[in-house]
Amino acid sequence: MDKVVKFLLSGRFIGSAIVIIIVIAMCIAIHQIKEKYKKTQGNTSNERSTAVRILISALRFVVVLIGIFAILQVNGINITGMMAGLALC
């Protein structure tokens with residue numbers, strides 16, 4: 001039981017939990033912005049609607065990817081190689 005409590009109070013666990021909460025909050029904010037945009041635009045062209053959906057999806061993907069990298073970094077995993085690999089893409 002002591003090991004579980006020690007793990008839950010460790011900096012790594014708390015840091016990871018904070019990153020997850022921030023990522024979830026950002027995804028919710030992105031969703032709310034998308035819904036607000038839908039309401040204000042009404043009937044727009046399909047091209048604009050598709051572009052906005054692609055932009056929102058890409059933004060959500062970037063937020064989640066940065067969150068994953070932040071969690072890995074908090075837990076002591078060196079992510080410089082992964083970042084360099086992403087830069088090549």
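Throughout, residue positions are numbered sequentially from 1 according to the sequence presented.
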Undergrad: Identify the heavy atoms of Gln73 and Ile79 that sit nearest to each other, and give their distance.
TA: OE1-CG1, 3.1 Å
Undergrad: Check the hydrophobic clustering (I, L, V, M, F, W, Y; side-chain heavy atoms under 4.5 Å; chains of links allowed) and say if Ile71 and Leu65 are grouped together.
TA: yes
Undergrad: Hydrophobic clustering (ILVMFWY, side-chain heavy atoms < 4.5 Å, transitive) - are Ile21 and Leu8 grouped together?
TA: no
Undergrad: Tell me whether Tyr37 is reachable from Ile30 by hopping between hydrophobic residues (I, L, V, M, F, W, Y) whose side-chain heavy atoms are closer than 4.5 Å.
TA: yes
Undergrad: By the definition side chain to side chain contact (heavy atoms under 4.5 Å, CB included), identify the one residue from Val23, Ile24, Ile22 that meets it with Val63.
TA: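 Answer after filtering Val23, Ile24, Ile22: Val23.
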Undergrad: Looking only at atom types and distance, does a side-chain atom of Asn75 sit under 3.5 Å from a main-chain N or O of Ile77, one as donor and one as acceptor?
TA: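 No, the answer is negative, given that no donor and acceptor are paired below the 3.5 Å cut-off.
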Undergrad: Work out which heavy atom in Ala70 is nearest to a heavy atom in Val19; give both atom names and the distance.
TA: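 Heavy atoms only, the tightest pair is CB-CG1, 3.9 Å.
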Undergrad: Got a second to check how far Ile68's CD1 is from Ile20's CD1, nearest 0.5 Å?
TA: 10.0 Å
Undergrad: Decide yes or no for Lys38 and Val52: does some side-chain heavy atom of the first lie under 4.5 Å from some side-chain heavy atom of the second?
TA: no
Undergrad: If you group Ile, Leu, Val, Met, Phe, Trp and Tyr by side-chain heavy-atom gaps below 4.5 Å, do Ile28 and Ile33 land in one group?
TA: no
Undergrad: Nearest 0.5 Å, what's the CD1-CD distance between Ile56 and Glu35?
TA: 10.0 Å
Undergrad: Counting C-beta onward and ignoring hydrogens, is there a side-chain heavy-atom pair between Lys34 and Arg60 closer than 4.5 Å?
TA: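 Of all side-chain heavy-atom pairs linking Arg60 with Lys34, at least one is under 4.5 Å.
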Undergrad: Give the C-alpha distance, both sets of side-chain angles, the deciding distance and a yes or no for side chain to side chain contact (heavy atoms under 4.5 Å, CB included) between Met82 and Leu72.
TA: CA-CA 11 Å; Met82 287 184 264; Leu72 291 174; 3.8 Å; yes
Undergrad: Side-chain heavy atoms under 4.5 angstrom apart, residues restricted to Ile, Leu, Val, Met, Phe, Trp, Tyr: same cluster for Met83 and Val64?
TA: yes
